[in-house]
> 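The structure's right below; bear with me while I get my questions together.
Everything quoted here is computed from the prediction, not taken from an experiment. This chain uses plain numbering: 1 for the first residue, then up along the sequence.
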Amino acid sequence: MKLTSKMIKEAAAQFGHGGESIVGIANIERFDGAPQRMHPKNIFPDCKSVISIVQPIPRGTYRGITEGTHWSNYTYYSYNRLNTLFRPMVTYPLACMIEDHGYEATPVYPGVPERKDIRNKAVPGRPAPDINLNVRIAGVACGLGEMGWSKVFIHPKYGPRVRLGTILTDAELEPDPLIEPGTLCKRCMKCVKGCPGGAIPKPGERPPIQIKIEGKTYEWGDVHMGRCTATHHGMNREASPFLAKSCPGFNFDVRNSNISEETAYKMAYTLAQGKWVPSQEFPTEDLNQYYNQILSHTGYFAICGAKGCIRSCMEFQEKTNNIDQADFKTPVFSCDWKLPPAEEDETGGIAEGKFPEEYNNPDPNAGCWK
């Protein structure tokens with residue numbers, strides 16, 4: 001039986017949430033301009049079609065961060081577990097369905113495609129592992145949406161509240177039409193103002209990123225990934241009360257830093273996994289209890305709550321009715337909390353004279369326990 005795009009979309013509608021609109025399909029020729037480390041054929045040389053699947057991020061998973069009261073849902077339901085657990089619940093059975101029809105299907109985990117690998121090539125003349133697609137660009141090529149200025153993917157129904165999965169197959173499928181550039185991202189620049197890391201550039205600040213697919217030009221801002229990563233992974237006091245608690249007085253100015261993405265990862269994961277001798281000021285051995293707790297549960301930790309790139313974009317898309325799912329009674333930003341500056345932190349320790357009876361005052365009874 002011939003496998004068709006309609007059959008794939010009907011199957012995906014059964015496996016996932018959102019009906020047939022969650023699937024988009026591209027012919028492999030739409031990736032002719034893809035670079036070496038992001039090209040589908042460098043994973044599956046016989047690939048004829050690329051399938052993208054979106055899964056919505058429940059709007060309410062951001063609520064606790066908006067209120068300043070609950071962070072765990074962001075890692076679990078908005079990010080890591082949505083990518084690693086719930087998303088494969090759709091891509092896995094869909095890949096199996098494709099193979100039941102005699103075609104090979106390669107589901108691809110959404111890794112970081114821009115990271116340069118230092119591993120040796122397994123086969124001479126071929127790229128070194130691991131090749132990773134840019135799942136957002138694949139979603140654009142599959143006609144599911146377009147890239148916002150913040151490089152977040154925007155879907156016609158859910159806006160920026162989505163995670164994407166990808167399947168490569170040797171089945172020749174009918175491609176979906178591309179969405180016209182400018183349909184969803186209106187360049188409101190709320191993402192620029194909303195990002196607590198100052199990672200999203202103002203127009204003209206840096207040359208934008210551009211790609212062409214079938215003659216259409218898609219463009220987005222050249223996001224400063226060091227600032228983005230430092231903020232996302234809890235090194236930015238503006239976005240993390242946990243950093244303010246574990247490192248009082250620490251004031252790393254992420255907005256004006258030129259930290260690299262790799263350095264930001266090294267710093268954040270060291271803080272999350274590091275240990276220290278407990279003291280009166282810090283009675284736990286974890287450098288940061290919350291980061292360690294959630295990292296040990298999921299292998300990941302996300303802190304920033306996507307305030308600029310997703311939530312600020314959500315607010316614009318809903319207020320302008322630019323997306324289908326916009327009729328919510330609650331505002332996106334019901335509370336705009338702000339931590340006091342680092343110079344107002346109360347710190348403790350010997351140098352600050354917090355324990356005068358032990359370290360500053362004379363001891364008139366020294367040795368008198370005999």
> Between Asn27 and Glu29, is there a side-chain donor-acceptor contact under 3.5 Å, judged purely by atom types and distance?
yes
> Do Val54 and Tyr109 belong together in a cluster built from hydrophobic side chains that touch within less than 4.5 Å?
no
> Carefully, step by step, assess Lys6 and Glu10 under the rule salt bridge (Lys or Arg N to Asp or Glu O under 4.0 Å).
CA-CA 6 Å; Lys6 187 174 187 302; Glu10 288 175 348; 2.2 Å; yes
> With a 4.5 Å cut-off on side-chain heavy atoms, are Leu173 and Ile51 touching?
yes
> Assign the ring pair His233 / Tyr300 to parallel, tilted or perpendicular, where the plane angle (0 to 90°) is split at 30° and 60°.
perpendicular
> What class does the angle between the rings of Tyr269 and Tyr265 fall in, given that below 30° is parallel, 30 to 60° is tilted and above 60° is perpendicular?
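Plane angle between 30° and 60°, so tilted.
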> In sequence, state the C-alpha distance, the side-chain angles, and the governing distance for Leu243 and Asn236, and then conclude on side chain to side chain contact (heavy atoms under 4.5 Å, CB included).
CA-CA 7 Å; Leu243 182 67; Asn236 187 338; 5.8 Å; no
> On the ring face of Phe252, is Arg237 found with NZ or CZ under 6.0 Å from the centre and within 45° of the axis?
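No, Arg237 does not lie over the aromatic ring of Phe252.
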> Check Glu281 with Lys354, please: is the shortest side-chain N to carboxylate O separation under 4.0 Å?
no
> I'd like to know whether Gln325 forms a side chain to side chain donor-acceptor pair (under 3.5 Å) with Arg59, so could you lay out the CA-CA distance, the side-chain angles of the two residues, the decisive distance to 0.1 Å, and finally the verdict.
CA-CA 10 Å; Gln325 199 176 82; Arg59 188 179 188 264; over 6 Å; no
> Say whether, by atom type as modelled, one donor and one acceptor occur between the side chain of Glu146 and the main chain of Leu184 under 3.5 angstrom.
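Checking the backbone N and O of Leu184 against the side chain of Glu146, a donor-acceptor pair under 3.5 Å is found.
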> Is it true that a side-chain atom of Asp345 and a backbone atom of Thr347 form a donor plus acceptor pair closer than 3.5 Å?
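Checked: no pair found.
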> Looking at Lys307 and Asp336, is any side-chain nitrogen of the basic one under 4.0 Å from a carboxylate oxygen of the acidic one?
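A salt bridge links Asp336 with Lys307.
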> Look at Glu174 together with Lys9 and state whether they make a salt bridge at an N to O cut-off of under 4.0 Å.
no
> Run the side chain to side chain donor-acceptor pair (under 3.5 Å) test on Arg161 and Thr61 for me, step by step, so that the C-alpha distance in whole Å, both residues' side-chain angles and the decisive distance to 0.1 Å come before the verdict.
CA-CA 10 Å; Arg161 291 188 295 107; Thr61 61; over 6 Å; no
> Would a distance-only check, ignoring hydrogens and angles, find a side-chain to backbone donor-acceptor pair under 3.5 Å from Trp149 to Pro201?
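Yes; at least one donor-acceptor contact below 3.5 Å.
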